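Side chains included, hydrogens not; waters and symmetry mates left out as well; all remaining heavy atoms used. This is a predicted model, so every value here is computed, not measured.
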Amino acid sequence: MRRFLSRALCALTALLSATAVHAAAPEVGTYYFPGWHPDPLTGNKDNWIPIRAFPDREPQRGWYNDSDPQVLQSQADEMKAAGINFVVFDWYFEKGGVRAAAPLDNYLKLPEGVPHASILWARHGSSPPNTTAEWQDVIKLWVGYAKSPNFYRIDGQPVVMVFDTGRMVREATQAGSDIGSWVAMAQDAAHKAGLPPFYFVAGVWNGQDPTIAIAAKAGFKSITSYNYSRAPGDARAAHGYAERDDAYRRVWIRMIDNRSGLPAILPLTAGWDRRAWGGSEDKLADTSEPSGDQFRDHLTAARSFMTEKGVSRAVICCWNEYGEGSVIEPTKALGDAKLKAIHDILKQN
């Protein structure tokens, strides 16, 4: 009888251990650059022109139109097969309109079952500051997206990420308001639309970014980053993927230990080579595309770190930022090697 009970206890322990490991498998997302189609707002007819000078970057499906629902469905199928749970569309609102809107609009109309879509409010560059009136227009659009069953939620709340939270702070101040009031306006609009509150994710540069405390006070729920080329204290940008990977690992620690206690959606990198968009200021920074082994090592380190620290979500830059050399989408040169690595390392138990 004792032997039977001992075996039963061992079996139960193994089952519970397997369940715990399974539960630890993180949610994984990826950023999506929605620029590969004619954009009537900018008049740009073909963003692929500068990428064609780098034939090794040609997508496996060819030079596609990312506003085509069939292309979007095919991409969603690839993401799902790799274990990617959500896709974050770069989202640009400038001069009263949304740039490159069609891919997100059409993705949200796909049949249910695709990886859910979120947005990254990509405020950067020389765009003029948003006014409070424009902020209200932005909120109306986000409320519309959040009504879709394909919109990504955390704890039931529709997720909106902000690329540069520090810039949002400055623009709200310049508009005679503050970031807390802007967030409150968004939450009020969500409530009036019958939606749960937005789950705002602050894009920050490292775990000691002073913006984190401001974001936490304003009601942001989490932090993340789109990408970065150095860790605090580094004298220059990373040269090569090994240095970039090392910088990421050091920033992960800072993010988890941020003083405001906000959880992190861990940022991961597929590489960096901005020559197609004109190149980085530091030309040696554009040597950061990984070998297969380097990318797998990066993912392995991330999975180990997430398990140790109890981090439940990660987001990879990027699905298809070909101009920056940051791509996990299958290409003619590499096939689907990066997706297989994601599936094998981040999603397997």
task: With sequence neighbours left out, write down each residue that passes side-chain hydrogen bond (donor to acceptor under 3.5 Å, both in side chains) with Lys80, or none if nothing qualifies.
output: none
message: Just to verify, which of Phe151, Phe93, Trp121 counts as forming a ring-ring contact (aromatic ring centres under 6.0 Å, His included) with Trp142?
response: Trp121
- line: Nearest heavy-atom approach of Pro158 to Ala146 is CB-CB, 3.7 Å
- prompt: Tell me, do Tyr228 and Cys317 make a side-chain contact under 4.5 Å, heavy atoms counted?
  reply: no
field: Check ion pair Asp105-Lys109 (N to O, under 4.0 angstrom)
entry: no
- request: For Thr300 and Arg296, indicate whether the former's side chain and the latter's backbone hold a donor-acceptor pair under 3.5 Å.
  value: yes
- prompt: If only atom types and distance count, is the side chain of Ser326 paired as donor or acceptor with the main-chain N or O of Cys318 below 3.5 Å?
  reply: yes
task: Might you point out which heavy atoms bring Ser288 and Ala285 nearest each other, and give the distance in Å?
output: OG-O, 3.1 Å
Pair Tyr145, Trp91: side-chain N/O donor-acceptor within cut-off below 3.5 Å: yes
- line: Closest heavy-atom pair, Ala81 versus His343, reported as atoms and distance to 0.1 Å, is O-CD2, 3.3 Å
query: Between Lys340 and Asp344, does a salt bridge (Lys or Arg N to Asp or Glu O under 4.0 Å) hold up when you go through it step by step?
result: CA-CA 6 Å; Lys340 286 181 178 177; Asp344 292 347; over 6 Å; no
query: Donor-acceptor pair, Asn106 side chain versus Pro69 backbone, under 3.5 Å?
result: no
- request: Could you tell me whether the side chain of Tyr241 and the main chain of Thr269 form a donor-acceptor pair under 3.5 Å?
  value: yes
query: Restricting to pairs with a member in residues 321-334, which pass salt bridge (Lys or Arg N to Asp or Glu O under 4.0 Å), not counting sequence neighbours?
result: Glu58-Lys332, Arg61-Glu329
- prompt: So, does Asn320 use its side chain to make a donor-acceptor pair with the main chain of Phe33 at under 3.5 Å?
  reply: yes
Distance-only criterion, 3.5 Å: show the donor-acceptor pairs between side-chain atoms of residues 182-198 and protein atoms not counting sequence neighbours.
residue	atom	partner	partner atom	Å
Trp182	NE1	Thr132	OG1	3.4
Gln187	OE1	Phe198	N	2.7
Gln187	NE2	Phe198	O	3.0
Asp188	OD2	Lys192	NZ	3.2

- request: Measure across Ala264 and Met255 and return the closest heavy-atom pair with its distance rounded to 0.1 Å.
  value: CB-CB, 4.2 Å
message: Test your reading of the model: is there a side-chain donor-acceptor pair from Asn130 to the backbone of Trp135, 3.5 Å cut-off?
response: no
query: For the ring-ring contact (aromatic ring centres under 6.0 Å, His included) test, which of Trp48, Trp63, Phe54 pairs with Tyr322?
result: Trp48
query: What residue pairs, at least two apart or across chains, pass ring-ring contact (aromatic ring centres under 6.0 Å, His included) with a residue in residues 67-88?
result: Phe86-Tyr152
- prompt: What heavy-atom pair brings Leu346 and Pro26 nearest, and what distance separates the two atoms?
  reply: O-CD, 3.2 Å
query: What are the two closest non-hydrogen atoms of Asp56 and Ala333, and how far apart are they?
result: O-CB, 3.4 Å
query: Given side chains that start at C-beta, do those of Gln70 and Gln73 come closer than 4.5 Å, heavy atoms only?
result: no
message: Using side chain to side chain contact (heavy atoms under 4.5 Å, CB included), reason through Asp66 and Tyr32 one step at a time and then give a plain yes or no.
response: CA-CA 10 Å; Asp66 64 0; Tyr32 189 106; 3.2 Å; yes
- request: Find out whether Asn85 and His116 are in side-chain contact, i.e. whether some heavy atom of one side chain is under 4.5 Å from a heavy atom of the other.
  value: no
message: Quick check on side chain to side chain contact (heavy atoms under 4.5 Å, CB included): which of Val88, Leu339, Val87 does Trp319 satisfy it with?
response: Leu339
query: Is there a donor-acceptor contact under 3.5 Å from the side chain of Asp155 to the main chain of Gln157?
result: no
message: With a 3.5 Å distance limit and no angle check, can you tell me whether Lys338 reaches the backbone of Val327 through a side-chain donor-acceptor pair?
response: yes
message: Please enumerate all residues that pass ring-ring contact (aromatic ring centres under 6.0 Å, His included) together with Phe163, with sequence neighbours excluded.
response: His124, Trp205, Tyr226
query: Could Arg52 and Asp46 be called an ion pair, given the rule that one side-chain N must be under 4.0 Å from one carboxylate O?
result: yes
task: Assess whether side chain to side chain contact (heavy atoms under 4.5 Å, CB included) is satisfied between Arg123 and Asp164, documenting all intermediate values.
output: CA-CA 6 Å; Arg123 294 287 296 145; Asp164 185 349; 5.5 Å; no
- prompt: Hey, does Leu266 have a side-chain heavy atom less than 4.5 Å from the side chain of Tyr248?
  reply: no
- prompt: Looking at Asp234 and Arg250, does any basic side-chain N land under 4.0 Å from a carboxylate oxygen?
  reply: yes
- prompt: Among all residues two or more places apart in sequence or in another chain, which pass the side-chain hydrogen bond (donor to acceptor under 3.5 Å, both in side chains) test with Ser67?
  reply: Asn65
- request: Taking Ser260 for its side chain and Leu262 for its backbone only, find out whether a donor-acceptor pair lies under 3.5 Å.
  value: no
- prompt: Do the side chain of Asn206 and the main chain of Pro232 share a donor and acceptor less than 3.5 angstrom apart?
  reply: no
